[in-house]
Number of protein chains: 2
Amino acid sequence: MDRIKQIAYIPLFHGLSQEYLQDLSTIAIEQVVKRGEGIFSEGDEGKGFYVVISGRVKIFKLSLEGKEQILHIFGQGEPFGEVPVFAGTPFPANAEALEKTRLFYFPREAFVDLIRKTPSLALNMLAVLSHRLHQFTALVEDLSLKEVPGRLAAYLFYLSYKQKGNDDLALEITKVQLASLLGTIPETLSRILSKMTKEGIISADTHGRIRIVDRETLGKLAQGEIRLSQSNF
Amino acid sequence: MDRIKQIAYIPLFHGLSQEYLQDLSTIAIEQVVKRGEGIFSEGDEGKGFYVVISGRVKIFKLSLEGKEQILHIFGQGEPFGEVPVFAGTPFPANAEALEKTRLFYFPREAFVDLIRKTPSLALNMLAVLSHRLHQFTALVEDLSLKEVPGRLAAYLFYLSYKQKGNDDLALEITKVQLASLLGTIPETLSRILSKMTKEGIISADTHGRIRIVDRETLGKLAQGEIRLSQSNF
DNA sequence: CGTCGACTTGAGTTAACTCAAATCATGTGG
DNA sequence: CCACATGATTTGAGTTAACTCAAGTCGACG
């Protein structure tokens, strides 16, 4: 495939001249990782960052007891691992492929040079990091101020939004991973899904498909206006 | 006081030429807020960002029930509220002065223009945002993977580091605020402090002063290697 | 067809929360 | 300088959301 076209497709690089896209394609290093394979680990020195060309990657933290908290799941066109490039610190988390994934790796020096020459690239990168900060504030809010049913409801809204506002959702990830993304464990997630089904808020079909039945109640749950547990009627 | 000197003091602007510092001092708008006064609210449109000249500001989220989660506390020389400038979205959280605070406000347009002309400013800002992302990963890790005693222990280490590695710490904030920063409530924090004192890990003096007595045990707590509760001896 | 991971359900435990109340600290108006 | 008001802090008692541990069922793949 045409490397330059693949690079031009990456939102981070929108607005760059053909010449700079050419430069990028020169410095980019292609890498393919298998499902379950690690890309980097927390504490590793970061000498460059990555962009997902195809496949999916999870960024996560681990506790000593082995509990995992997923921070992000990145797919096609999304960059990750930029923090060490600009902060000069090691990777603050781990990265692992959720499926067979193709990546471009951009070494730090060449990339920073390009940023120096290209204000629009700098602004694009600032926009990416700002957006990521925004996502983190939402994650912290979820973890600290919402209960698990609220986080799940918020996630379902996010999924629905991402999937053209549809009521019929494809989970895209396993429930084990979803639990880790929501800061809980599979058992708890399972119980809450069945409770939401019993209360007629969703209908959990088979094979990671979920249908939103009562969007209004789901919204109130996501906002923390109501709770699940006992009587909700 | 000399505005240019105050602006030159801000780490974000290190490395800028005198000319650009002059430009910045032209576009900066000074603002003074009283203790407890709000600076912006979540959802507000952001047309610029702020830098603390003196005083302190908390950035926080609120739940419907009124529980607060502090995301950051910023002091002298630190910028905040940049996300809307680069992402074009509303403020994702609230900002309020913890004490009488002097700020510089930098309107978006003029600042973005300056970034376009000044690669080192762009890189400085990228470093600031990257550092902030790093802090958020730590916060998420704390909230999701550690118990409150571990978060407190990690915070005490951070404080000790910030205060020249001293064992004798000044809290700088009230315990109500510390609880909100750690994602818990004052009652819980109070109980844990007294438990840590009983176990000889710290000695909680009066007036927001804490002395680290057993640094090693505190470290194991922060890493989640041990727990407080029952027998720890 | 057997293994492994995903998923579910039951039973018991617990860290942290809510609610209530008392004490202490600070500061202001008179 | 004193009395009260307000907020910070602590302690007790009870509740609970979510966790751990255990045991299965289900489904996909080699």
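Throughout, a chain's letter reflects where its sequence line sits, starting with A, and its residues are numbered from 1.
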Asks: B:Ser194 has a side chain; which of D:dA18, C:dA16, D:dT11 sits nearest to it?
Replies: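 Among the listed nucleotides, the one closest to the side chain of B:Ser194 is D:dT11.
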Asks: Please pick, from D:dA18, C:dT8, D:dT11, the nucleotide with the shortest atom-to-atom distance to any side-chain atom of A:Ser190.
Replies: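 The answer is C:dT8.
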Asks: Output yes when B:Lys146 and B:Glu141 qualify as a salt bridge under the 4.0 Å nitrogen-oxygen rule, no when they do not.
Replies: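 The answer is no: the pair does not qualify as a salt bridge.
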Asks: Name all residues meeting the salt bridge (Lys or Arg N to Asp or Glu O under 4.0 Å) criterion together with B:Arg215; count only those two or more places apart in sequence or in a different chain, and write none if there are none.
Replies: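 By the salt bridge (Lys or Arg N to Asp or Glu O under 4.0 Å) rule, B:Arg215 matches B:Asp167.
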Asks: Would you mind reading off the distance between A:Arg227 atom CZ and C:dC17 atom P, rounded to a whole angstrom?
Replies: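 These atoms are roughly 13 Å apart.
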Asks: For the helix from C:dC1-D:dG30 to C:dG30-D:dC1, what angle lies between the axis at the first five pairs and the axis at the last five pairs, to 10 degrees?
Replies: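 Answer for the end axes of this duplex: 40°.
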Asks: Check A:Arg56 with A:Glu172, please: is the shortest side-chain N to carboxylate O separation under 4.0 Å?
Replies: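 Answer for the salt bridge query: no.
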Asks: Side chain of B:Arg191 only, heavy atoms from C-beta on: which candidate in C:dT9, C:dA6, D:dG12 is closest?
Replies: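 Among C:dT9, C:dA6, D:dG12, the one nearest the side chain of B:Arg191 is D:dG12.
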Asks: I'd like to know if A:Arg191 and A:Glu187 make a salt bridge, using a cut-off of under 4.0 Å between side-chain N and carboxylate O.
Replies: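 Salt bridge between A:Arg191 and A:Glu187, a charged N being under 4.0 Å from a carboxylate O: no.
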Asks: Heavy atom of residues 178-187 of chain A under 4.0 Å from DNA chain D: which residues?
Replies: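 Contacting residues: A:Gly183, A:Thr184, A:Ile185, A:Glu187.
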Asks: For the pair made of NZ in B:Lys195 and C1' in C:dT14, what is the distance, rounded to whole Å?
Replies: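 Going from NZ in B:Lys195 over to C1' in C:dT14 covers 11 Å.
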Asks: For A:Gln177 and C:dG5, what is the distance between atoms CD and P respectively, to the nearest whole Å?
Replies: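 The answer, rounded to whole Å, is 14 Å.
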Asks: Are B:Phe104 and B:Phe13 close enough that their ring centers fall under 6.0 Å?
Replies: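 Here the rings of B:Phe13 and B:Phe104 have centres that are no less than 6.0 Å from each other.
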Asks: Check whether any side-chain heavy atom of A:Pro186 lies under 4.5 Å from a side-chain heavy atom of A:Val176, and answer yes or no.
Replies: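 When only atoms from C-beta onward are counted, A:Val176 and A:Pro186 do touch, with a gap below 4.5 Å.
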Asks: State plainly whether the residues B:Arg132 and B:Glu82 are in salt-bridge range, i.e. N to O under 4.0 Å.
Replies: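 Between B:Glu82 and B:Arg132 there is a salt bridge, with a charged N closer than 4.0 Å to a carboxylate O.
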Asks: In whole Å, what is the span from the NZ atom of A:Lys67 to the P atom of D:dC21?
Replies: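 Taking atom P of D:dC21 as the reference, NZ of A:Lys67 is at 13 Å.
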Asks: Nearest whole angstrom, please: distance from the C1' of D:dA28 to the CD of A:Glu99.
Replies: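 Interatomic distance, CD of A:Glu99 to C1' of D:dA28: 17 Å.
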Asks: Compute the centroid of each ring, for B:Phe91 and then for A:His134, and state whether the two points are separated by less than 6.0 Å.
Replies: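 Centroid distance B:Phe91-A:His134: not below 6.0 Å, so no.
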Asks: Think A:Thr188 has a side-chain N or O under 4.0 angstrom from the OP1 or OP2 of D:dA18?
Replies: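 Result: no.
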Asks: Scan for salt bridge (charged side-chain N to carboxylate O under 4.0 Å, His left out) pairs involving residues 148-160 of chain A, sequence neighbours excluded, and state none if there are none.
Replies: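 As it turns out, there is no salt bridge (charged side-chain N to carboxylate O under 4.0 Å, His left out) pair with a partner in residues 148-160 of chain A once direct neighbours are skipped.
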Asks: Using whole Å, report how far CD1 of A:Ile192 lies from P of C:dT9.
Replies: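 Value for this atom pair: 13 Å.
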Asks: Say whether, by atom type as modelled, one donor and one acceptor occur between the side chain of A:Lys61 and the main chain of A:Pro92 under 3.5 angstrom.
Replies: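 Yes; judged by distance alone, with no hydrogens or angles, the pair exists.
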Asks: Mark yes or no for whether A:Ser180, through its side chain, and A:Glu68, through its backbone, hold a donor-acceptor pair below 3.5 Å.
Replies: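 Checked: pair present.
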Asks: Are B:Lys175 and D:dT10 close enough that a side-chain N or O sits under 4.0 Å from OP1 or OP2?
Replies: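 So the side-chain polar atoms of B:Lys175 do come within 4.0 Å of the phosphate oxygens OP1 or OP2 of D:dT10, strictly under.
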Asks: Apply ring pair (Phe, Tyr, Trp, His ring centres under 6.0 Å) to B:Tyr158 and list each qualifying residue two or more places apart in sequence or on a separate chain.
Replies: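 By the ring pair (Phe, Tyr, Trp, His ring centres under 6.0 Å) rule, B:Tyr158 matches B:Tyr155.
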Asks: Atom CD of B:Glu68 and atom P of D:dA8: how far apart are they, to the nearest Å?
Replies: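 Computing the B:Glu68:CD to D:dA8:P distance gives 11 Å.
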Asks: Atom CZ of A:Arg35 and atom P of D:dA28: how far apart are they, to the nearest Å?
Replies: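 For the pair A:Arg35 CZ and D:dA28 P, the rounded distance is 14 Å.
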Asks: Which residues within residues 167-174 of chain A lie with some heavy atom under 4.0 Å of an atom in DNA chain C?
Replies: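 Within residues 167-174 of chain A, the residues near DNA chain C are A:Thr174.
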